[in-house]
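Only one structure is covered here, and it is reproduced in the block below.
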Amino acid sequence: MSRDHVQSAGRPTTGGAGGVPDDSAAAPYLDLLAHDAPVEAYEQPVLLARAEGEPADRIAALEHAKLLALRVRSELEGRRRREAELSALFETAHDLAGLRDVDAVLQAIVQRARSLLGTDVAYLSLNDPERGDTYMRVTEGSVAARFQQLRLGMGEGLGGLVAQTARPYVTDDYFKDARFQHTLTIDAGVRDEGLVAILGVPLMLGPHVIGVLFAADRRARVFEREQIALLGSFAALAAAAIDTANLLTETRSALAGLERANEIIRDRSAVIERASDVHDRLAELVLRGGGVHDVAAAVSEVLDGTVEFTEAATAPAAALEVSRAEGHAVPHGSDWIAAVAAGGELLGALVLHGHPGLDPVDQRTLERAAMVTSLLLLARRSAAEAEQRVRGELLDDLLDVRDRDPRLLRERAARLGADLDVTHVVLAARLETPAGDADEEAAARRRLWSAASHLAATRQGLAAARDGGTVLLLPLATGDIATDLARRTARHLGTAVHQPVTVGASAPATDLAAHRDTVAAAYAEGLRCLDALHLLGRDGDGAAAEDFGFLGLLLAGERDIGGFVERTIGPVAAYDERRGTELLSTLDAYFASGMSPARTKDALHVHVNTVAQRLERVGRLLGEDWQTPARTLEIQLALRLHRLAAPRHD
């Protein structure tokens with residue numbers, strides 16, 4: 001309000017006949033009330049009247065009007081405050097009626113309590129029956145992390161006292177109040193937040209306290225009775241919100257339980273129908289002579305998933321062994337594995353993909369399918385044994401018969417699905433774990449021969465029992481090497497017979513039908529590799545002659561010196577031939593000089609940088625490990641053999 005306005009409000013005005021005053025002392029205060037002026041403005045009319053020398057009765061009238069106006073103003077403020085409080089309580093009750101998120105309702109209660117009480121901080125704690133204390137649930141205006149994570153034991157701090165006694169407590173100076181128990185943890189949290197005056201009211205559900213609602217200031221303050229009652233009203237709404245949320249949770253849980261029960265009933269009915277369906281389908285498959293893939297397809301359709309039959313070597317080993325030992329399907333990641341076994345021998349596995357949670361009835365369905373699959377495989381094996389004997393006889397002829405017709409050999413192989421004109425590897429396989437007695441040893445050898453014959457039949461090869469072990473003739477795929485084939489075969493056979501199997505492989509062989517000694521020589525080389533693995537303590541592994549470096553020269557029947565030299569330093573020799581460089585002579589000088597670049601440059605009469613550049617090129621051609629002891633030994637031997645094989649010029 002401007003000074004002119006105050007002056008006009010405090011100065012009497014005249015009007016009417018004889019200048020008789022027609023205004024009253026209340027007029028300026030009515031104007032102040034109308035404009036919702038601050039309390040300080042109500043002193044201005046009296047001060048102005050005194051300053052202008054108004055009569056004493058006029059000043060007295062103004063003083064009386066001021067008191068009445070202030071009383072009216074206070075009443076109006078109280079009404080507005082109560083209206084705001086009732087409005088806030090109504091809005092909170094409305095939020096509670098449409099409760100969707102109890103945290104959001106509790107946050108709104110704390111925010112409104114802080115706003116209406118005009119406090120720096122408001123917060124709500126809930127009791128923890130299991131731990132016997134109360135903990136912070138919602139805070140508004142708090143800035144201290146330690147305060148927001150406080151837990152108060154019953155009777156500790158002001159909040160603990162409220163929770164314990166179910167009565168409101170208020171303090172205008174927390175740290176000077178001795179009515180409640182102070183603890184280092186609680187006092188540290190309150191001190192971090194900077195709180196001084198605190199009001200706490202209980203959250204009640206019937207006779208039980210479930211928590212405390214607080215309002216607090218960072219300065220000394222006296223909370224009015226009306227403010228305590230207002231916070232109590234908010235606490236009642238908060239308790240109702242929590243109770244409603246708990247009831248909703250229980251209701252939802254009960255509904256979920258009923259829905260789950262209905263689902264179980266529906267699923268059980270569907271499972272029984274599926275079990276009956278799969279039983280009929282499997283019986284039909286057996287009667288009409290179906291195969292293992294027909295079984296997998298039928299079970300895939302019934303279980304609404306993808307079921308496939310896999311060889312034992314490609315199935316997860318640990319899960320497969322557990323399934324074989326327990327006789328049940330077992331989970332493996334998101335898949336299920338059911339071992340297909342007969343007489344202790346693993347024939348493979350049925351794998352159900354993408355079903356991490358499998359119903360027990362469906363699990364038994366998968367297990368029955370695995371049993372039917374094993375029966376079908378045994379039936380197929382009995383039919384295949386005749387073919388295996390034929391395959392063994394053909395391989396025996398390739399190993400032993402000297403006078404034979406290559407055309408007839410090729411025809412016999414073609415009828416068995418083998419091609420003698422492609423590159424093959426001869427593999428000698430032997431069990432390395434001694435059996436307990438002669439019968440057990442014979443049974444183990446039969447299992448090895450059976451597994452090897454099955455492997456040969458699936459890989460368009462041949463297999464035969466020989467020299468207490470098994471010999472296999474397998475084609476070598478493009479890009480494959482004899483070493484990898486030997487190792488895969490050792491793993492496959494070892495998994496099939498549950499014992500370590502050692503496999504020695506020959507170098508790749510061609511023209512098997514045309515050259516009568518090729519297969520026999522390759523078999524002898526495989527046996528030498530097999531013996532070398534045993535002497536080196538590598539039972540259960542697979543290897544070829546090329547794995548033994550220069551020792552392969554001793555193992556190879558034809559002493560493939562050229563092949564050894566080519567494998568060892570061939571890239572360097574080829575580079576010299578293409579570029580006209582002297583890398584081989586540099587290597588000779590380097591090794592002759594004790595692998596010293598300085599002495600090498602003296603021997604070659606070149607700069608040391610030239611030696612370094614040539615050796616760097618050698619490293620790129622032979623690999624970074626070319627200077628390791630094992631490699632340097634082979635390289636030096638290859639260099640010497642290369643020199644000996646080179647033509648001499650007199």
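Because only heavy atoms are used, hydrogens play no part in the values below, and waters and symmetry mates are left out as well, while side chains stay in.
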- Message: Between V340 and L347, does the side-chain contact (heavy atoms from CB on, under 4.5 Å) criterion hold? Intermediate values first, please.
- Response: CA-CA 5 Å; V340 177; L347 304 177; 4.1 Å; yes
Between [X] and [Y] (side chain of the first, backbone of the second, donor and acceptor by atom type, cut-off under 3.5 Å), is there such a pair?
X: T470; Y: A452; value: no
X: R599; Y: S593; value: yes
X: S450; Y: R446; value: no
X: S323; Y: A319; value: no

Compare all side-chain heavy atoms of [X] with those of [Y] and state whether any distance is below 4.5 angstrom.
X: L352; Y: T306; value: no
X: T423; Y: P475; value: no
X: L512; Y: L473; value: yes
X: L472; Y: L455; value: yes
X: L462; Y: L398; value: yes
X: V606; Y: V611; value: yes
X: V497; Y: L493; value: no
X: V572; Y: L622; value: yes

- Could you please spell out the steps behind the side-chain contact (heavy atoms from CB on, under 4.5 Å) verdict for V471 and L427? CA-CA 6 Å; V471 56; L427 303 109; over 6 Å; no
Show the nearest heavy-atom pair for residues [X] and [Y], with the distance to one decimal.
X: A338; Y: A370; result: CB-CB, 3.9 Å
X: T502; Y: L530; result: O-CD1, 3.2 Å
X: A429; Y: V503; result: CB-CG2, 4.0 Å
X: A505; Y: C529; result: O-SG, 3.6 Å
X: T310; Y: T314; result: CB-OG1, 3.6 Å
X: L320; Y: G348; result: CD1-O, 3.7 Å

- Task: For the pair E367 and R364, find out whether any cationic side-chain nitrogen is under 4.0 Å from an anionic carboxylate oxygen.
- Result: no
- Query: Quick one: do R466 and D396 make a salt bridge, cutoff under 4.0 Å?
  - Reply: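 Judged by the 4.0 Å cut-off on N to carboxylate O distance, R466 and D396 do form a salt bridge.
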Can you tell me how far [atom2] of [Y] sits from [atom1] of [X], rounded to the nearest 0.5 angstrom?
X: D335; Y: E308; atom1: CG; atom2: CD; value: 8.5 Å
X: D419; Y: H424; atom1: CG; atom2: NE2; value: 7.0 Å
X: I481; Y: L476; atom1: CD1; atom2: CG; value: 9.0 Å
X: T518; Y: L420; atom1: OG1; atom2: CG; value: 11.0 Å
X: R640; Y: L637; atom1: CZ; atom2: CG; value: 8.5 Å
X: L485; Y: R459; atom1: CG; atom2: CZ; value: 8.0 Å

- Message: Considering only residues two or more places apart or on different chains, which pairs with a residue in residues 571-590 satisfy salt bridge (charged side-chain N to carboxylate O under 4.0 Å, His left out)?
- Response: D588-R643
- Task: Take R410 and D421 through the test side-chain contact (heavy atoms from CB on, under 4.5 Å) and record every step on the way to the result.
- Result: CA-CA 8 Å; R410 290 190 180 94; D421 291 327; 2.9 Å; yes
- Hey, can you tell me if W626 and F591 have their rings parallel, tilted or perpendicular (30° and 60° cut-offs)? perpendicular
- Item | Under the salt bridge (charged side-chain N to carboxylate O under 4.0 Å, His left out) test, residues paired with R614 that sit two or more places apart | none
- Item | Partner set under salt bridge (charged side-chain N to carboxylate O under 4.0 Å, His left out) for D480, not counting sequence neighbours |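 Counting only residues at least two positions away or on another chain, D480 forms a salt bridge (charged side-chain N to carboxylate O under 4.0 Å, His left out) with R488.
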- Go through the steps to decide whether L639 and L587 satisfy the test side-chain contact (heavy atoms from CB on, under 4.5 Å), and finish with yes or no. CA-CA 8 Å; L639 287 170; L587 274 178; 3.9 Å; yes
- Any donor-acceptor N or O pair under 3.5 Å, side chains Y590, Q627: yes
- Only one of T495, D539, L431 passes side-chain contact (heavy atoms from CB on, under 4.5 Å) with V501; say which it is.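 The residue from T495, D539, L431 that satisfies side-chain contact (heavy atoms from CB on, under 4.5 Å) with V501 turns out to be L431.
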